[in-house]
Amino acid sequence: MTSEHEIEPHIFVIHGGSGDLARRKLFPVLYQLLTEEGAKGSCHILGVGRQDLGDDGFREIVKESFIEAGLPVDDDDSWSDSWCRDCIHYQQMADIDREGPALALRIREIEETYSLPGNRIFYLALPPRAFPGTIRSIGREGLNNSPGWVRLVVEKPFGTDLDSARELNHLVHEYFDESQVYRIDHYLGKETVQNLSVLRFANTVFESIWKRDRIRSVHLTVSESLGIGQRAGYYESSGAIRDMIQNHLTQLVTLLAMEPPARFDADSIRNEKVKVVRSITAIKPDEVVLGQYTAGDMDDEQVQGYLSENGVAADSTTPTFVNLKLAIDNWRWKGVPFFLRTGKRMPRRMTRIVIEFHRPPIAMFGSRNPVETNPNRLVITLQPDEGFHLLFEVKEPGDEMRLRTEELHFHYRDSFEALPDAYKTLIADVIQGDQTLFVRADEVEASWALYDPILEMDLPIHPYPAGSWGPPESDELLARDGTAWMNDYDPE
Ligand code: BG6
């Protein structure tokens with residue numbers, strides 16, 4: 001958000017107001033945004049939750065969250081300023097079906113007291129099972145109709161398969177037009193992810209070679225060193241395909257592979273993204289590798305395997321690792337494999353895209369002993385140490401013809417201050433009504449349609465020790481296409 005855009009007065013209703021997401025992300029980010037824009041009084045936050053907190057109890061939670069986020073609110077003066085006193089409210093709602101009218105009354109009361117024009121944001125920071133009841137309750141009370149604008153923000157996961165996603169879309173559309181709906185995929189809020197479009201479309205040097213006759217393969221890795229922590233309840237029924245591939249990694253593929261949009265607006269961009277997903281051919285069972293971590297060594301510390309994690313069934317077959325190959329059947333990408341890989345308990349946290357270019361058509365150097373050339377590669381690191389490296393070949397000085405791979409690089413940290421939190425970007429866009437970084441209904445359904453079949457396949461789950469790059473079958477999958485992961489490439 002830039003200060004050219006004025007923040008219109010609104011009420012920001014957070015369903016799940018005392019929950020983890022609200023505390024960790026939403027409150028601090030709202031505070032930062034409103035403070036930076038000098039617009040604190042324009043936003044009234046209404047937390048909605050099951051706990052009996054009262055306004056004061058809720059304000060304490062909000063205050064703690066600011067302090068935890070390192071925001072300057074710990075002196076009583078700033079905390080007791082009028083914004084914090086007047087603009088943070090709480091409504092207890094233990095039974096969504098019975099207490100909808102009380103919430104509606106409260107929203108209208110706040111709007112009247114503070115002369116708000118009826119602009120409303122409903123943010124569902126809730127477990128997915130609570131989405132339908134909450135959406136119905138908003139609709140039943142007519143809160144979706146207002147003299148101002150009304151926006152609905154839905155956290156992930158949006159459905160657990162194609163049917164459930166369709167059903168949820170159907171329910172959402174009973175009360176909201178698609179232009180009012182903001183489905184979150186926090187990867188889209190990351191600066192480096194947004195930069196993928198700039199890298200491609202603001203740099204003719206890249207866009208002109210962004211196609212099958214120049215690119216040999218594309219590798220995407222989102223590796224995490226953490227295990228599932230205390231999230232077994234969710235993760236056991238989710239697994240890595242639902243948790244990461246269907247949403248985050250597929251979004252990255254669409255941004256990498258889409259055609260230039262006619263305009264740089266939400267619908268033009270999302271039209272191109274959805275075309276990519278629809279062009280991906282059915283995934284073949286022998287091009288999917290699933291894995292589950294076993295006990296292993298991580299940074300000299302022995303960690304337990306998935307089956308020993310709290311809350312995990314002893315015979316669980318939930319994959320914590322996936323590697324699969326996608327084929328995009330269109331003019332630009334025909335024949336270029338896209339390899340997607342994600343897993344828990346891998347050696348390090350890293351989100352990286354490798355664009356591997358074709359080797360030169362003939363081995364020209366070293367006529368008696370042809371010199372092997374490495375392919376050029378563009379390595380885009382989305383996190384941590386955001387930036388990119390372009391790998392190319394140079395001649396080592398000396399009589400003999402020897403080649404060496406060198407690189408050009410760019411690091412965000414060298415040129416910019418700390419990157420903003422993805423949630424800050426996304427919330428700013430919700431407040432401004434910009435849907436570009438949110439997933440449209442047809443996108444989410446197309447993505448489930450792609451992965452549903454493999455969720456139903458009975459595929460083997462290969463063990464991999466914690467601290468490794470996944471099962472060896474994953475390396476074999478790439479080797480079949482004559483390529484390999486760049487696991488050891490760890491530039492400074
Ligand atoms: C979430 C997944 O959507 O993304 C988590 O549910 C995962 O399992 C997280 O850890 C990764 O996000 P980030 O921003 O840390 O890469």
Side-chain angles (χ1 to χ4, degrees), residues 16 19-22 24-26 28-29 69 123-129 131 153-161 165 182-196 220-253 255 290-293 298 303 306 309-312 316 318-322 340-353 380-387 412 418-427 437-439 443-444 447-448 451 455 466 470:
D20 189 50
L21 178 71
R24 273 190 308 113
K25 297 284 182 192
L26 306 186
V29 153
Y123 198 118
L124 309 193
L126 295 165
R129 64 175 182 284
F131 292 165
V153 188
V154 190
E155 268 295 332
K156 71 161 273 243
F158 197 92
T160 52
D161 56 16
Y182 295 74
R183 291 175 197 76
I184 299 259
D185 182 316
H186 76 280
Y187 266 58
L188 294 178
K190 292 180 191 272
E191 276 295 327
T192 46
V193 174
Q194 293 172 64
N195 190 51
L196 290 176
L220 287 89
T221 298
V222 181
S223 58
E224 296 184 276
S225 52
L226 294 177
I228 55 146
Q230 299 308 312
R231 296 170 77 213
Y234 154 74
Y235 201 85
E236 270 283 82
S237 60
S238 160
I241 298 176
R242 290 188 175 92
D243 188 46
M244 299 292 290
I245 296 273
Q246 179 274 335
N247 37 59
H248 307 322
L249 277 97
T250 303
Q251 285 296 323
L252 296 180
V253 171
L255 292 170
L290 302 180
Q292 192 182 68
Y293 61 84
M298 302 222 36
V303 300
Y306 181 70
E309 300 278 15
N310 231 343
V312 170
S316 171
T318 300
T320 60
F321 173 95
V322 187
L340 278 56
R341 163 176 80 161
T342 185
K344 303 277 185 201
R345 286 292 191 218
M346 291 174 72
R348 59 177 188 272
R349 176 171 183 259
M350 174 185 85
T351 300
R352 178 196 273 174
I353 297 163
I380 308 169
T381 306
L382 302 180
Q383 61 186 23
D385 192 13
E386 297 80 358
Y412 270 82
L419 297 174
D421 187 283
Y423 268 90
K424 189 172 173 203
T425 307
L426 294 175
I427 290 178
L437 302 180
F438 299 85
V439 186
E443 276 187 85
V444 86
S447 177
W448 279 121
Y451 297 110
L455 287 167

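Atom set for the values below is all heavy atoms of this structure, side chains included, hydrogens, waters and symmetry mates excluded. Whatever order the structure lists them in is the order used to number ligands and atoms, beginning at 1. No experiment lies behind these values; they were computed from the predicted model shown.
In this structure, Tyr235 has no side-chain hydrogen bond (donor to acceptor under 3.5 Å, both in side chains) partners at least two apart in sequence or on a different chain. Legend: residues meeting side-chain hydrogen bond (donor to acceptor under 3.5 Å, both in side chains) with Arg231, ordered by chain and number and at least two apart, are absent. For Arg348, there are no side-chain hydrogen bond (donor to acceptor under 3.5 Å, both in side chains) partners, not counting sequence neighbours.
Ion pairing between a basic and an acidic side chain is recognised when a charged N comes within 4.0 Å of a carboxylate O; Asp421 and Lys25 show such pairing. Between Arg349 and Glu224 there is no salt bridge, since no side-chain N of the basic residue sits under 4.0 Å from a carboxylate O of the acidic one.
Using a 4.0 Å heavy-atom criterion, the residues that approach ligand 1 are Lys156, His186, Tyr187, Lys190, Glu224, Arg231, Asp243, Met244, His248, Lys344, Arg349, Gln383.
Between the side chain of Gln292 and the main chain of Thr318, a donor-acceptor pair closer than 3.5 Å is present.
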